[in-house]
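Counting from 1, the numbers follow the sequence of the chain as shown. Predicted model, so just to flag it, every value in this text is computed and none were measured. Heavy-atom basis, side chains included; hydrogens, waters and symmetry copies ignored.
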Amino acid sequence: MKVFKFGGASVKDAAGVRNVAEVLKHFALDDLVIVVSAMGKTTNALEEIVWAFSDGRGVGEKVDALERSHAAILAEVAPGDEEATRALGAHFEALRAMLHQRTTHVDRDYDRIVSQGELWSTLIVSAHLHHAGIPNMWIDARTIVRTDASHRSARVDWTTSEKRASTLLSEVSGNPKRIVTQGFIGFSSEGETTTLGREGSDFSAAIFAYLLDAESVTIWKDVPGMFNADPNRFPDTRLLSHISYREAIELSYFGASVIHPRTLQPLQKKNIPLYVRSFAELNAPGSTIDARSENDSLIPSFIVKPKQLLISITPRDLGFIVEENLSGIFSLFALRNVRIDLMQNSAVAFSVAVDDTPCSRQLIEELGSEYEVRYNDGCELLTVRHYDEATLERLTKGKEILIEQRSRVTARFVLK
Ligand code: ASP
Ligand code: MG
């Protein structure tokens, strides 16, 4: 069994959906689980609907627009498929019914509403595959991926999910087996839809691979693999053709957006290789990520996170930061869901770089009641793995270095 993941960009329109079938034709004999994200920017549009709904604003037009665009793609890729048309219509009716109820808890509403995007896209992909002569079974991921009830960033209950996955596999017919299912979504033991966090479909692909003991996962992207830097930002980037799980985790954690950072852990546990390949260039070799680490240090990789706030926190009584204050400060960050991208401390000051978001600004206000807080905005966070001096000089040239940290492998800078 192989697991394939197609992200939103790969199924953003009818041509994208057709291309999924083209890709599958190259794997005519393989059993496949095909994990699909919501089409294009659908998740963002659904988030807008959630915010409007929770503010009591009208959402009818937004829902209508989504229905029109999805129905048009379905009609194009699976003409005459009345069953699929009815099923898509039923999903939209169910969504409208949800939006007529009063809001319950905003994160719970979020998961029920935003998860629709993946249900629509998989229905369309599955219908098109049938139309293209590729029999497949559409599976609701919520019957397999059991999670806890932490809405919007649910944690997987591996034991229950594993049992459900093995039952599933024994029920799927077809030779080869073709399963089409959703990324990003799960179901809590309370019986409610959950989501795994934005961009979580890569993680879903890894979850399915882990549960089904798959031989590999392939993430089909609009770029031909993982690069040593963002090709949209830097000239002369180089393909990382073979790196280790550890290296890929570090790179994605530091902000390389090619794969979701949580994707690698389940794969590494079962030693399942991850391939990142281009859905547009099927002959390009792409990147392989597995346990082998010999090539990790061949090429310096660098990641820039823009729009960072550098916050410096000092106790008003000049108490020691680590011993007396750090745990309280950390709990506030956790409570406000602000992720720390880099930290540094002296005796009485703690500095952190975080994304500049309304939550971070709010946190600064709150910290201000107990601490003296200063901040610098418009910073960028540069991380260089396997650095050499020439690379560091080139990347920091002409910029003010506010913080510099180096380990043997990684150099990090807050720059302005
Ligand atoms: N559709 C979800 C999102 O846009 C999950 C994903 O695409 O990975 O965040
Ligand atoms: Mg995505």
Side-chain angles (χ1 to χ4, degrees), residues 148 150 152-153 155 197-198 244-257 260-262 264-265 268 296-297 300-387 389 391-392 395-396 399-416:
D148 70 2
S150 359
R152 296 188 62 184
S153 54
R155 289 177 187 280
R198 286 302 307 265
S244 67
Y245 295 118
R246 167 82 194 265
E247 183 66 15
I249 289 177
E250 295 282 6
L251 291 174
S252 53
Y253 179 81
F254 287 136
S257 57
H260 189 281
R262 281 161 88 186
L264 282 315
Q265 283 126 358
Q268 188 232 351
D296 286 357
S297 54
S301 294
F302 44 97
I303 299 139
V304 178
K305 281 190 105 191
K307 286 201 218 113
Q308 294 276 304
L309 277 174
L310 178 62
I311 310 175
S312 149
I313 305 160
T314 309
R316 290 193 193 281
D317 61 359
L318 291 189
F320 288 119
I321 198 83
V322 174
E323 292 83 345
E324 294 154 28
N325 295 286
L326 212 46
S327 71
I329 294 174
F330 275 131
S331 344
L332 258 182
F333 276 80
L335 191 70
R336 293 284 161 244
N337 248 322
V338 176
R339 204 189 99 160
I340 297 175
D341 291 323
L342 169 144
M343 52 188 137
Q344 177 152 301
N345 72 285
S346 70
V348 296
F350 181 56
S351 302
V352 294
V354 299
D355 285 342
D356 189 352
T357 63
C359 288
S360 324
R361 297 273 175 166
Q362 163 91 32
L363 182 63
I364 291 176
E365 294 272 301
E366 286 176 36
L367 286 164
S369 66
E370 242 180 280
Y371 300 92
E372 191 188 313
V373 184
R374 278 171 296 141
Y375 68 90
N376 217 319
D377 55 11
C379 302
E380 61 181 37
L381 176 61
L382 167 69
T383 303
V384 189
R385 300 267 301 160
H386 310 289
Y387 59 86
E389 290 308 320
T391 306
L392 296 189
L395 294 170
T396 57
K399 296 191 173 142
E400 187 187 352
I401 299 176
L402 301 178
I403 289 190
E404 174 169 351
Q405 292 180 345
R406 292 194 197 200
S407 69
R408 201 169 44 79
V409 184
T410 311
R412 308 190 76 202
F413 300 87
V414 179
L415 302 170
K416 186 144 172 171

Can you name the closest pair of heavy atoms from Ser252 and Pro261 and give their distance? OG-CA, 3.4 Å
Can you name the side chain to side chain contact (heavy atoms under 4.5 Å, CB included) partners of Gln344, sequence neighbours left out? Ile403, Gln405
Decide if atom CZ of Arg339 counts as having more than 12 heavy atoms of other residues, nucleotides or ligands within a radius under 6.0 Å. yes
Is there a donor-acceptor contact under 3.5 Å from the side chain of Gln268 to the main chain of Leu264? no
Considering residues at least two apart in sequence or located in another chain, which fulfil the side chain to side chain contact (heavy atoms under 4.5 Å, CB included) criterion with Val348? Thr314, Leu318
Can you name the salt bridge (Lys or Arg N to Asp or Glu O under 4.0 Å) partners of Glu366, sequence neighbours left out? Arg336
Which value, rounded to the nearest 0.5 Å, describes the distance between Ser351 atom OG and Ile313 atom CD1? 7.5 Å
Would the number of heavy atoms belonging to other residues, nucleotides or ligands and lying under 6.0 Å from CZ of Arg408 be above 12? no
Under the salt bridge (Lys or Arg N to Asp or Glu O under 4.0 Å) test, which residues partner Glu389, sequence neighbours left out? Arg406
Counterpart residues, salt bridge (Lys or Arg N to Asp or Glu O under 4.0 Å), relative to Arg155 (two or more places apart): none
Would you say the side chain of Val338 lies within less than 4.5 Å of the side chain of Val352, judging by non-hydrogen atoms? no
I'd like to know if the side chain of Thr396 and the backbone of Leu392 have a donor-acceptor N/O pair within less than 3.5 Å. yes
To the nearest 0.5 Å, tell me how far Ser301 OG sits from Glu247 CD. 6.0 Å
CA sep, side-chain torsions, deciding dist, call: Lys305, Asp341, side-chain contact (heavy atoms from CB on, under 4.5 Å): CA-CA 9 Å; Lys305 281 190 105 191; Asp341 291 323; 3.4 Å; yes
Greater than 12 external heavy atoms within 6.0 Å of Glu323's CD: yes
Once you round to the nearest 0.5 Å, how far does CG of Asp356 lie from CD1 of Ile311? 8.5 Å
Report the distance from atom OG of Ser327 to atom CG of Leu332, rounding to the nearest 0.5 Å. 10.5 Å
Looking at residues at least two apart in the chain, or sitting in another chain, which of them share a side chain to side chain contact (heavy atoms under 4.5 Å, CB included) with Lys399? Glu380, Leu415
All ring-ring contact (aromatic ring centres under 6.0 Å, His included) counterparts of Phe302, not counting sequence neighbours: Phe234
With sequence neighbours left out, write down each residue that passes side chain to side chain donor-acceptor pair (under 3.5 Å) with Gln265, or none if nothing qualifies. none
Taking all heavy atoms of Gly319 and all of Glu324, pick out the closest pair and write down the distance. CA-OE1, 3.4 Å
For Tyr387, all residues meeting ring-ring contact (aromatic ring centres under 6.0 Å, His included), sequence neighbours excluded: none
Cation over ring, Arg385 on Tyr253, under 6.0 Å and within 45°? no
In terms of heavy-atom contacts, Ile364 and Leu309 come closest through CD1-CD1, 4.0 Å
Find out whether Leu367 and Phe333 are in side-chain contact, i.e. whether some heavy atom of one side chain is under 4.5 Å from a heavy atom of the other. yes
Going from CG on Leu382 to CD1 on Ile401, what distance comes out if it is rounded to the nearest 0.5 angstrom? 9.0 Å
Could you state the interatomic distance from OG1 (Thr391) to NE2 (His386), rounded to the nearest 0.5 Å? 12.0 Å
A quick test of your reading: do over 12 heavy atoms of other residues, nucleotides or ligands sit less than 6.0 Å from CZ of Arg198? yes
Under the salt bridge (Lys or Arg N to Asp or Glu O under 4.0 Å) rule, collect the residues that match up with Asp148, sequence neighbours excluded. none
Would you indicate whether the side-chain heavy atoms of Lys307 and Asp355 approach each other to under 4.5 Å? no
Of all residues at least two apart in sequence or in a different chain, which pass the ring-ring contact (aromatic ring centres under 6.0 Å, His included) check with Phe330? Phe350
Set of side chain to side chain donor-acceptor pair (under 3.5 Å) partners for Ser244, sequence neighbours left out: Asp296
Leu402 vs Cys379, side-chain contact (heavy atoms from CB on, under 4.5 Å): CA-CA, chis, key distance, verdict: CA-CA 9 Å; Leu402 301 178; Cys379 302; 3.8 Å; yes
Heavy-atom check, side chain of Ile321 versus side chain of Ile329, under 4.5 Å: yes
Is the shortest distance from a Lys or Arg side-chain nitrogen in Asp377 or Arg361 to a carboxylate oxygen in the other one below 4.0 Å? yes
State, yes or no, whether a side-chain contact exists between Leu395 and Phe413 at a heavy-atom distance under 4.5 Å. no
